[in-house]
Amino acid sequence: MSLLELKNITKRYGNLKALDNVNLKVEQGEWVAIMGPSGSGKSTLMNIIGCMDKPTEGEVLLDGADIAKVSDKELTAIRRDKIGLVFQQFHLVNYLTALENVMVSQYYHSIPDEEEALMALERVGLKDRAKHLPSQLSGGEQQRVCIARALINHPEIILADEPTGNLDEANENIVLDIFRQLHKEGATLVVVTHDPEVGEIAERLIILEHGVIKSETKSSAADDAVIK
Amino acid sequence: MFFRMIKGAFTRQWKKMLMIALTIALGASLATAMLNVMMDVGDKVNQELKTYGANINVVPKTSSVVDNLYEVEEGEDANTAYLLESELGNIKTIFWAFNIVDFAPFISTSAELSSGEEVKINGTWFNHHMDLPTGESLDTGIQNLRTWWDVTDGSWLNEQQAGSENSVMVGSVLAERAGIKAGDTINVNAGGKDYSLTVAGIYSSGDDADEQIYGIMDMVQEMADKDGYLSNIEVSAITTPDNELVIKAAKDPGSLTISQYETWYCTAYVSSICYQIQEVITDSVASPVRQVADSEGAILEKTELLMLLITVLSLVGSALGITNLVTASVMERSNEIGLLKAVGARDSAISGLVLTEIVITGIFGAVIGYFAGFGFAQIIGHTVFGSAIEMKPFVIPIVAVLVVIVTLAGSIPAIRMLLRLRPAEVLHGR
Ligand SMILES: Nc1ncnc2c1ncn2[C@@H]1O[C@H](COP(=O)(O)OP(=O)(O)OP(=O)(O)O)[C@@H](O)[C@H]1O
Ligand SMILES: [Mg+2]
């Protein structure tokens, strides 16, 4: 059974079909990239996978359970337990330190554990910045805090919507290295991007256009990258 | 973690929180001031209204009939009845003794000035000190009852001063006509005897009294040859506004059932106080000076209603202010709230967080407001009633409850907005 399976997903906003009969399977440990022009429905798709929105039609099976049919409250619980989110704009709480931002995720999941949160920061190379506020961190560092926060509760699937959209090349590489590392450790990654370079290193590249999956290509670049 | 988040929110949003606190403080201060003034105003308004005269006039039984029917001039009728001076202290022994604020006895006679003019001279208490049968003592007299007297020359007659036995106060109209000034000595003849009187002060009363002379009790009793007797007593009492029970009792206290009688007797109605005075003063008729007694109660009720209205309006106003501020604050933080929802915070957890912040702010505002309200109350007390307002401790819990209700009610729209907020809509910066 696939970790995630979308069956005939359609999302309508009024007359507009943001997603039109999309079918998609994501296996455990897979790294999937989604690309497409602006307005093609990438974020809409991510919101549905990330349990932040429901499709107008179709089934979303996560671990075999249909999340299109559960209540908002259950959806929150599934999101908390199974999804890790990385945002283009980082969305750190600006009055909390890097460490506290990671701990917020723990707090709403179970109980905050400073030790574990520090370890997560260490993984993204930010242990020495734990006490800094977001405003005292560079964009790349903020994105790494955001990734640490996404990882902290060991989600089954990590969703990143344009994680490198606001970063320069050096920081982009740092973030991609972290993704490679996560992939090597067996994490499931779904990354939306505009950047062909980011798209190509994934195992599978899906192109969306006008809410429809236009093409799907497998690549071995990801494995190569890890080996390198 | 919760506290770190609360602390963080305060350090970052302190300006907004301060605005919310001040809005709450404004409402709380007005509520505190108005409630305290309202609680205290009963006494204050009564003290104010005493200005307009005594509540109760006590006269001898027969004279009450005769006087009222024929308006007989004092001294003309040899049969005029008198009250006993020795019973005066009994007034402070009745059930409602504590509601008796002041009282003064009166006797009058006529005297002849050296110019040959006939004037009415009244004996009374000015600032009389008396020891009560209960062992307590009391200072009372017309200095408290005739608050509207304007002493235009000299000063109030002080009974405690040596030489006051022959002092008098002269009405302004008479004084002007006869050329009398404070400090003068005037010679009068009363009851066939000559008296040499020192004028302590000239007063202006705005009524008949301006043509008369007031001296101390003993002297006028001697002039009238009525030692130990009084013609009437004026009593100023704090009373409860009348109701149906009073109307029934007024017709005949005997018509009441035992429990009604008890309620009536044990309530500070004008009529029950009158009734009790009659019980302790032999052959007396105590009657309320109706209009004054009634209007006191009515004005008191209206004043309290007004204050209640101000309290309610100020609280509604601050609830609206809070609504605006809290909604703006939640709107400004929609990204943060969306993120918390995205990482799995339940609606209740986020509402709890925001409400805790608001309640802490509210408590802060309420404390400021209470003390500001204390100040307001004193300002109102001094400007309106000319005295301090006593702060009632039980206003504190009332204000606390009101602040909580207002703060929470004011936060409802913001919380609803917070609940409706969908993380997908704020996080992918469309
Ligand atoms: N809440 C909404 N209400 C109405 N229309 C919406 C809503 N959300 C998305 N859309 C529309 O759905 C379409 C897909 O939007 P989506 O955000 O998924 O695009 P995208 O592929 O993420 O674009 P971008 O690359 O610019 O982020 C767009 O035409 C958008 O205008
Ligand atoms: Mg998008």
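Sequence lines set the chain letters: A, B, ... in the order given, protein chains first and strands last, and positions in each chain run from 1. Quick caveat: nothing in here was measured; it's all calculated off a predicted structure. Quick note: numbers below take in every heavy atom, side chains included, and nothing from hydrogens, waters or symmetry partners.
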[X] versus [Y]: any side-chain heavy-atom pair under 4.5 Å?
X: A:Arg149; Y: B:Leu339; value: yes
X: B:Val326; Y: B:Ile415; value: no
X: A:Asp63; Y: A:Leu3; value: yes
X: A:Glu185; Y: A:Gln181; value: yes
X: A:Asn8; Y: A:Glu59; value: no
X: B:Lys16; Y: B:Glu332; value: yes
X: B:Ile24; Y: B:Val406; value: no

[X], part contacting chain A, at a heavy-atom distance under 4.5 Å:
X: B:Ile337; answer: neither
X: B:Arg422; answer: side chain
X: B:Lys341; answer: both

Could you check which of [options] has the highest count of heavy-atom pairs closer than 4.5 Å to chain A?
options: B:Lys7, B:Arg4, B:Arg346; result: B:Arg4
options: B:Ala349, B:Ala342, B:Gly338; result: B:Ala342
options: B:Arg333, B:Glu336, B:Gln13; result: B:Glu336

* Quick one: which residues of residues 94-103 of chain A reach chain B at under 4.5 angstrom, heavy atoms only? -> A:Asn94, A:Tyr95, A:Leu96, A:Glu100, A:Met103

* Residues of residues 150-164 of chain A with any heavy atom under 4.5 Å of a heavy atom in chain B -> A:Asp161

* Asked: Picking from A:Asn47, A:Thr44, A:Asp53, what satisfies side chain to side chain donor-acceptor pair (under 3.5 Å) with A:Lys11?
  -> A:Asp53

* Does A:Arg79 have any salt bridge (charged side-chain N to carboxylate O under 4.0 Å, His left out) partners at least two apart in sequence or in another chain, and if so, which? ->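 Salt bridge (charged side-chain N to carboxylate O under 4.0 Å, His left out) check on A:Arg79 returns nothing, list empty.
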
* What residues form a salt bridge (charged side-chain N to carboxylate O under 4.0 Å, His left out) with A:Lys42, not counting sequence neighbours? ->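 Scan of A:Lys42 (salt bridge (charged side-chain N to carboxylate O under 4.0 Å, His left out), adjacent residues dropped) gives none.
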
* Is the shortest distance from a Lys or Arg side-chain nitrogen in A:Glu116 or A:Arg123 to a carboxylate oxygen in the other one below 4.0 Å? -> no

* Structure fact -> Residues A:Val70 and A:Glu74: closest non-hydrogen pair is CB-OE1, 3.7 Å

